[in-house]
Every structure is written in C-alpha cells, then in structure tokens.
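Notes to accompany the following structure.
Keep in mind it's a predicted model, so treat the numbers as computed, not measured.
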Amino acid sequence: MQRDLGYWDEQMDLLAQQDYITIDNFFNPEDLNNAHHFFETKQQEGVFQKAAIGASGNEKIINEVRGDYTYWLEKGKHTQINSIFETLDEVKSIFNRLMYLSLADYEFHLAHYPKGSFYKKHLDQFDGRNNRMVSVIIYLNKGWKDGDGGELRIYPEGQDPIDIAPLENRCIMFRSDTLYHEVLTSNTSRKSITGWMLYQPAVLPYLVL
C-alpha cells in the first residue's frame, strides 16, 4: 500500500466530499498472495459461518436480506497475515492524522458470497451504536469480469446509485453512518476482507451487520 502522504491527503479530501473512495492495487503483491492463501485455507478448514443481522445476542439469520458467510479476524492470532494487520494499522493512523477521527481500533472479517447470494440495502451501523466510522472492503476476486455480479451498489445522497465492480485488490472506503449500500447478486463466488474503523475499541463477541 506504499503511497505518499500527498496521495492520501487527496483521497481523504475526496472521502470528505463524496463519502466514499475507490483505491485499486491496494495490497502489495506479497500481501495479496498471503490474503488469497489465508482465505482459501480458512475455507478448507470449514470455519466460515452464515452471517446474521443485529447485535450479538440478538442476531438473526435472514436469508432474504443477506446470504454471505464470514470468518472474523483477530490481530495477534493470525500471524500469517501480520503484514495485512500492519497495513490496516497504517490506514487507521492516516485517518487519525488527516481527518482527525480519533479512531481507536478496527474489526475485520473474511466475507464469502456464494453464487446466488446478495445483501440488501443497508447502513453499516446499529441503532444506538455509532462506533463504526469508516467501512473498508478489499476484494479478492481473481479474474472478475462483467456478468459475474456481486457489485457494490452505493447510494450517494442526492445522486443516482453507483455500481462498483469487485475487482481483485480494489479497496472501497466509505462513511459507515451515511452511505447506504448493497451487494448485488453474485453470479460466481465473491470474496473480500471487510471491516470497519472504530471510534472505540472492538469488544468480543463482535457485533454483526
């Protein structure tokens, strides 16, 4: 992710103006390969769980709303992707330095959308909980092409919806509290690392959304 401060200054200005940014070639080649290998290993281990909606203790699985499967990441536990956590730490520091957000932590998971799955329009926050400040998605879809589906459809205020292709190593960052979005139906397997930059430290068990 080696980019100078001037680049990030421009991106933060853009995020402040339109509530989202798109960054291609986000991971360096080594980290991208590690992310793919880690994702595939966890799939082989069968540790992904059906994603639910709601806060921990009150979550519900509603297939008509979302159909993805997730595996939560824990810093310090998954040493094989330490460099990816270092990148996320760098992103958090950039937000704090350039946007004065006072971010304290982050929470991330692997997300898998099997063929035919989707996630209906929503915000990345719960009622009464404003801990999630910035949503971050990093796609791991090798060879994605038109017709594969799984686009991120965002709804910028006062504009027509915008569809963003889930290209490999593309990162989307957006305001968790203001930008409505959905995942369109995937016509093939769709993979990503997805999470949130947090105002307060993450607490296990994680909240879901």
So do Lys115 and Thr188 actually touch side chain to side chain, heavy atoms under 4.5 Å? no
Parallel, tilted or perpendicular: which describes the rings of Phe48 and His112, with under 30° parallel and over 60° perpendicular? perpendicular
Under 3.5 Å donor-acceptor, Tyr106 side chain and Phe85 backbone: yes
Calculate, to the nearest 0.5 Å, the distance between atoms CG and CD belonging to Leu140 and Glu40 respectively. 9.5 Å
NZ/Lys50: more than 12 non-hydrogen atoms of other groups inside 6.0 Å: yes
With a 4.5 Å limit on heavy-atom distance, are the side chains of Arg170 and Ile164 in contact? yes
May I ask you to check whether His78 and Phe108 place their ring centres under 6.0 Å from each other? no
Please give me the minimum heavy-atom distance between Arg66 and Ala52, naming the atom from each residue. NH1-O, 2.8 Å
Between Lys92 and Asp89, is there a side-chain N and carboxylate O pair less than 4.0 Å apart? no
Side chain to side chain, Met99 and Val134, heavy atoms closer than 4.5 Å: no
Tell me the closest heavy-atom pair linking Ser176 and Ser135, and the distance in Å. OG-OG, 2.8 Å
Verify the cluster assignment for Phe118 and Ile137: are they in a single hydrophobic cluster under the rule of side-chain heavy atoms below 4.5 Å apart? no
I want to check something: taking the side chain as every heavy atom from C-beta on, are Gln43 and Lys191 in contact at a cut-off of under 4.5 Å? yes
Would you confirm whether Asn169, through its side chain, and Phe27, through its main-chain N or O, come within 3.5 Å as a donor-acceptor pair? yes
Tell me whether His37 at atom NE2 has more than 12 heavy atoms from other residues, nucleotides or ligands lying less than 6.0 Å away. no
What pair of heavy atoms forms the shortest contact from Ala35 to Ile193, and how long is it? CB-CD1, 4.1 Å
Approximate separation, where rounding is to 0.5 Å, of Tyr69 OH and Leu110 CG: 15.5 Å
Apply the test side-chain contact (heavy atoms from CB on, under 4.5 Å) to residues Met133 and Leu103: give CA-CA distance (whole Å), side-chain angles for both, the deciding distance (0.1 Å), then the verdict. CA-CA 8 Å; Met133 303 292 288; Leu103 298 171; 3.7 Å; yes
Polar side-chain atom of Asn33 near backbone of Glu30 as donor-acceptor pair, under 3.5 Å: no
Evaluate the side-chain proximity of Glu157 to Tyr180: yes if any heavy-atom separation is below 4.5 Å, no if none is. no
When rounded to the nearest 0.5 angstrom, what distance separates CG in Asn96 from OG in Ser102? 6.0 Å
On a heavy-atom basis, which atom in Gln159 and which in Ile162 lie closest, and how many Å separate them? OE1-CD1, 4.1 Å
Per side-chain hydrogen bond (donor to acceptor under 3.5 Å, both in side chains), His181 is matched among His122, Lys121, Arg153 by His122
Min side-chain heavy-atom separation Asp105-Asn131 under 4.5 Å: no
Can you tell me how far apart CG (Leu184) and CG (Asp163) are? Round to the nearest 0.5 Å. 5.0 Å
Flag the pair Phe39 / Ile81 as yes when at least one side-chain heavy-atom distance between them is below 4.5 Å, and no otherwise. no
What pair of heavy atoms forms the shortest contact from Leu123 to Asp177, and how long is it? CD1-O, 3.6 Å
Could you please spell out the steps behind the side-chain hydrogen bond (donor to acceptor under 3.5 Å, both in side chains) verdict for Tyr139 and Arg190? CA-CA 8 Å; Tyr139 295 114; Arg190 179 188 189 272; 3.2 Å; yes
Please answer whether the main-chain N or O of Phe95 pairs with a side-chain N or O of Trp8 as donor and acceptor at a distance below 3.5 Å. no
Joint hydrophobic cluster, Leu167 plus Val183, side-chain heavy atoms closer than 4.5 Å: no
Atom pair CD1/CG of Ile84 and Leu32 - distance to nearest 0.5 Å: 8.5 Å
Looking only at heavy atoms, what is the nearest atom pair of Gly67 and Ser117, with distance? O-CB, 3.6 Å
Mind checking whether Ile138 and Trp144 sit in one hydrophobic cluster, side chains of I, L, V, M, F, W, Y counted as touching below 4.5 Å? no
Return the CD1 to OG1 distance between Ile172 and Thr22, rounded to the nearest 0.5 Å. 3.5 Å
Spell out, as yes or no, whether a donor-acceptor pair under 3.5 Å connects the side chain of Gln125 to the backbone of Arg132. yes
Do you reckon Leu5 sits in the same ILVMFWY cluster as Tyr7, going by side-chain contacts under 4.5 Å, direct or chained? yes
Under 3.5 Å, is there a donor-acceptor pair between the side chain of Asp19 and the main chain of Phe174? no
Test log, rule side-chain hydrogen bond (donor to acceptor under 3.5 Å, both in side chains), inputs Asp31 and Ser83: CA-CA 7 Å; Asp31 285 351; Ser83 60; 2.5 Å; yes
Are Tyr155 and Tyr20 an aromatic pair, judged by ring center distance below 6.0 Å? no
For Pro166, does its backbone N or O pair with a side-chain atom of Asn141 as donor and acceptor, under 3.5 Å? yes
Has Asp68 got a side-chain atom pairing as donor or acceptor with Ala51's backbone, closer than 3.5 angstrom? no
Taking Ala111's backbone N and O only, do any of them form a donor-acceptor pair with Thr70's side chain (distance below 3.5 Å, no angle check)? no
Less than 4.5 Å apart, any side-chain heavy atom of Met173 and any of Val91? yes
